[in-house]
Colleague: 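One structure coming up, written as structure tokens, with questions to follow.
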Amino acid sequence: MNPYFIDEPAVISFSGGRSSAFMLHKILEAHEYKLPDYIEVIFANTGKEMPQTLKFVDDISKHWGVNIVWLEYTGKKQFCEVTYQTASRNGEPFSQLIDDRVYLPNMMARFCTSELKVLTIERYMGGTDFLTVVGIRADEPRRAAKMREKDNYSVPMADDGITEDDIKSFWETNKFDLAMPPAGVNTLSNCDLCYLKGYKIKQSIVEHDPSLADWWIGQENKMNARFRSDQPSYERMKIIASDQGQLFDFDDESVSCFCGD
């Protein structure tokens, strides 16, 4: 059976990255490029995605003729639908969530992913049962295994043996692409300075664009706390970037989450 063919109510959780976009293309292909009404494609915007990601989601919708629902968290158990034009670009959904919880998400309480994405999608679906289809590749076996353990989750790319090289080959021949480096060096995917990313990766990002640290600094100062106590504060990262320049290379210390590529 074609792993991309879906015959039940489902949500294609579209992260806005190349892998999930490739998965969407394969699902469209399996359905002769017209999704049935029982399949929704949803992009949950945290407000901290890069501008290139937002444009890529819009490009996918236009080039492939697929309706993508844009959702944002707006408060406790609340959400709204937005568009490419009206989507938050300054972290408003994420900031609202922190205000509602009155503390920062952290390594032990990663409620940002659950509230901004998973639960927001569930609320949009109105409590109905549905299959969640996520873009995890075969070369991400740990992440795939975790998803397979959950009820009503599907990882068709992992089932199909798709790897990062397959994704790269697809986008090299496509008419449009995400305007960021390939996944192997693309550390700006998902939330720009997500606290789950390795310290050296975040430091390198701040060195290239110190302004990206400002929102994160604001949240830490607002809560008088840190996203991670085992790493320098975002304010310290910005100081290091301005004082010392590029001292750090990329590392692989990032922690995976639901967001995907």
Side-chain angles (χ1 to χ4, degrees), residues 11 13-17 20 40-51 53-54 57 68-130 132 134 146 150-153 188-197 202 205-206 211-238 254-260:
V11 166
S13 182
F14 184 30
S15 71
S20 62
E40 296 269 17
V41 184
I42 299 180
F43 171 66
N45 180 42
T46 68
K48 287 305 294 170
E49 279 80 15
M50 293 294 291
T53 296
L54 303 186
V57 176
I68 299 176
V69 178
W70 292 52
L71 299 180
E72 289 184 1
Y73 174 95
T74 57
K76 295 179 179 179
K77 298 184 179 181
Q78 299 177 58
F79 68 91
C80 69
E81 287 191 55
V82 296
T83 65
Y84 172 64
Q85 289 75 21
T86 64
S88 298
R89 288 165 166 81
N90 295 303
E92 294 90 339
F94 203 162
S95 181
Q96 180 63 55
L97 174 61
I98 291 170
D99 289 344
D100 291 341
R101 289 293 188 101
V102 202
Y103 71 100
L104 299 176
N106 53 70
M107 298 299 286
M108 300 302 294
R110 292 155 56 177
F111 57 81
C112 47
T113 295
S114 60
E115 285 286 350
L116 297 176
K117 293 179 178 289
V118 179
L119 292 175
T120 291
I121 290 172
E122 289 182 2
R123 287 163 186 147
Y124 170 81
M125 294 298 289
T128 60
D129 291 331
F130 60 91
T132 299
V134 292
K146 287 182 180 180
K150 298 181 179 183
D151 292 333
N152 297 322
Y153 272 76
L188 289 167
S189 61
N190 306 319
C191 291
D192 48 31
L193 283 170
C194 174
Y195 61 92
L196 296 177
K197 293 178 180 179
K202 292 198 290 288
I205 293 171
V206 175
S211 68
L212 291 177
D214 293 340
W215 182 89
W216 301 88
I217 292 170
Q219 300 307 307
E220 290 192 329
N221 289 342
K222 178 175 69 176
M223 293 292 113
N224 191 27
R226 301 246 294 274
F227 286 94
R228 290 186 68 162
S229 60
D230 62 331
Q231 294 181 354
S233 68
Y234 286 91
E235 187 169 31
R236 180 61 183 160
M237 290 183 207
K238 189 172 182 180
S254 300
V255 178
S256 64
C257 73
F258 177 85
C259 301

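Start at 1 with the first residue, then count along the sequence. Quick note: numbers below take in every heavy atom, side chains included, and nothing from hydrogens, waters or symmetry partners.
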Colleague: Does Asp230 have any salt bridge (charged side-chain N to carboxylate O under 4.0 Å, His left out) partners at least two apart in sequence or in another chain, and if so, which?
Modeller: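 Per chain and number, Asp230 pairs via salt bridge (charged side-chain N to carboxylate O under 4.0 Å, His left out) with Arg228.
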Colleague: Can you run down the ring-ring contact (aromatic ring centres under 6.0 Å, His included) pairs that involve residues 77-100, sequence neighbours left out, and say none if there aren't any?
Modeller: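 Counting only pairs at least two positions apart or across chains, the ring-ring contact (aromatic ring centres under 6.0 Å, His included) contacts touching residues 77-100 are Phe94-Trp215, Phe94-Trp216.
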Colleague: What verdict does the side-chain contact (heavy atoms from CB on, under 4.5 Å) test give for Glu122 and Val11, after you've listed the backbone C-alpha separation in whole Å, the side-chain angles of each residue and the deciding distance to 0.1 Å?
Modeller: CA-CA 9 Å; Glu122 289 182 2; Val11 166; over 6 Å; no
Colleague: Can you find a pair of side-chain heavy atoms, one from Cys112 and one from Thr46, that are under 4.5 Å apart?
Modeller: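 No, every pair of side-chain atoms sits at 4.5 Å or beyond.
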Colleague: Nearest 0.5 Å, what's the CE-SG distance between Met50 and Cys191?
Modeller: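 Here the interatomic distance stands at 11.5 Å.
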Colleague: Any donor-acceptor pair under 3.5 Å linking the side-chain atoms of Ser233 with those of Glu220?
Modeller: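 No, no side-chain donor-acceptor pair sits under 3.5 Å.
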Colleague: Where do Tyr73 and Gln96 come nearest, in terms of heavy atoms and distance?
Modeller: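 Smallest heavy-atom distance, with atoms named: CE2-CG, 3.9 Å.
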Colleague: Less than 4.5 Å apart, side chain to side chain, heavy atoms only: is that true for Val57 and Ile68?
Modeller: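 Side-chain contact under 4.5 Å: yes.
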Colleague: Can you list the steps and then say if Phe227 with Ile98 is a side-chain contact (heavy atoms from CB on, under 4.5 Å)?
Modeller: CA-CA 11 Å; Phe227 286 94; Ile98 291 170; 4.1 Å; yes
Colleague: With a 4.5 Å cut-off on side-chain heavy atoms, are Glu235 and Asn221 touching?
Modeller: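 The answer is yes, as the side chains (C-beta and beyond) meet within the 4.5 Å cut-off.
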Colleague: Does Ser211 have any side-chain hydrogen bond (donor to acceptor under 3.5 Å, both in side chains) partners at least two apart in sequence or in another chain, and if so, which?
Modeller: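 Testing Ser211 for side-chain hydrogen bond (donor to acceptor under 3.5 Å, both in side chains), a comparison that skips the adjacent residues, returns Asp209.
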Colleague: Determine the minimum heavy-atom distance between Tyr234 and Leu193, stating which atoms define it.
Modeller: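 In terms of heavy atoms, the two residues are closest at OH-O, 2.7 Å.
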Colleague: Which distance, rounded to the nearest 0.5 Å, do you find between the OG1 of Thr74 and the CG of Leu97?
Modeller: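 The CG atom of Leu97 is 11.0 Å from OG1 of Thr74, to the nearest 0.5 Å.
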Colleague: Would Lys76 and Asp100 pass as an ion pair if we require N to O under 4.0 Å?
Modeller: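 Asp100 and Lys76: not salt-bridged.
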Colleague: I'd like to know if the side chain of Asn45 and the backbone of Phe43 have a donor-acceptor N/O pair within less than 3.5 Å.
Modeller: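 Between the backbone of Phe43 and the side chain of Asn45 there is no qualifying donor-acceptor contact (under 3.5 Å).
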Colleague: Is there a side-chain contact between Ser13 and Ile121, using heavy atoms and a 4.5 Å cut-off?
Modeller: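 Yes - at least one pair of side-chain heavy atoms lies under 4.5 Å apart.
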Colleague: Applying side-chain hydrogen bond (donor to acceptor under 3.5 Å, both in side chains), can you list everything that pairs with Thr86, at least two apart in sequence or on another chain?
Modeller: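 Only Thr83 meet the side-chain hydrogen bond (donor to acceptor under 3.5 Å, both in side chains) criterion with Thr86.
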Colleague: Sub-3.5 Å donor-acceptor pair from the side chain of Lys48 to the main-chain atoms of Gly91, do we have one?
Modeller: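 No; zero donor-acceptor contacts below 3.5 Å.
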Colleague: Tell me, please, which residues at least two apart from Arg123 pass salt bridge (charged side-chain N to carboxylate O under 4.0 Å, His left out).
Modeller: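 Applying salt bridge (charged side-chain N to carboxylate O under 4.0 Å, His left out) to Arg123 gives Glu115.
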Colleague: How many angstroms lie between atom CH2 of Trp70 and atom CD of Glu72, to the nearest 0.5 angstrom?
Modeller: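 The CD atom of Glu72 is 9.0 Å from CH2 of Trp70, to the nearest 0.5 Å.
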Colleague: Quick one: list whatever passes side chain to side chain contact (heavy atoms under 4.5 Å, CB included) with Thr128, sequence neighbours left out.
Modeller: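 Side chain to side chain contact (heavy atoms under 4.5 Å, CB included) list for Thr128, sorted by chain: Met125, Phe130.
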Colleague: Mind checking what makes side-chain hydrogen bond (donor to acceptor under 3.5 Å, both in side chains) contact with Lys222, not counting sequence neighbours?
Modeller: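 Lys222 satisfies side-chain hydrogen bond (donor to acceptor under 3.5 Å, both in side chains) with Ser95, Asp99, Gln219 only.
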Colleague: Using every non-hydrogen atom in the two residues, find where Val69 and Glu81 come nearest and quote the distance to one decimal.
Modeller: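 Heavy atoms only, the tightest pair is CG1-OE1, 3.8 Å.
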Colleague: About how many Å separate CD of Gln231 and CZ of Arg236, when rounded to the nearest 0.5 Å?
Modeller: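 Rounded to the nearest 0.5 Å, the CZ-CD separation comes out at 14.0 Å.
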Colleague: With a 4.5 Å heavy-atom cut-off, do Ile205 and Leu212 have their side chains touching?
Modeller: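 In short, these two side chains touch, coming nearer than 4.5 Å.
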Colleague: Of all residues at least two apart in sequence or in a different chain, which pass the side-chain hydrogen bond (donor to acceptor under 3.5 Å, both in side chains) check with Asp214?
Modeller: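 Listed in chain order: Lys238.
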Colleague: Drop me the distance from Thr120's OG1 to Lys77's NZ, to the nearest 0.5 angstrom.
Modeller: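 One finds 12.5 Å between OG1 of Thr120 and NZ of Lys77.
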Colleague: Using side chain to side chain contact (heavy atoms under 4.5 Å, CB included) as the criterion, list what pairs up with Asn90, not counting sequence neighbours.
Modeller: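 Asn90 satisfies side chain to side chain contact (heavy atoms under 4.5 Å, CB included) with Glu92 once adjacent residues are dropped.
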Colleague: I'd like to check the ring-ring contact (aromatic ring centres under 6.0 Å, His included) partners of Phe111; sequence neighbours left out, ordered by chain and number.
Modeller: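 Only Tyr103 meet the ring-ring contact (aromatic ring centres under 6.0 Å, His included) criterion with Phe111.
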Colleague: Would you find a donor on one side and an acceptor on the other, under 3.5 Å apart, between the side chain of Lys202 and the backbone of Asp192?
Modeller: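 It does not hold such a pair.
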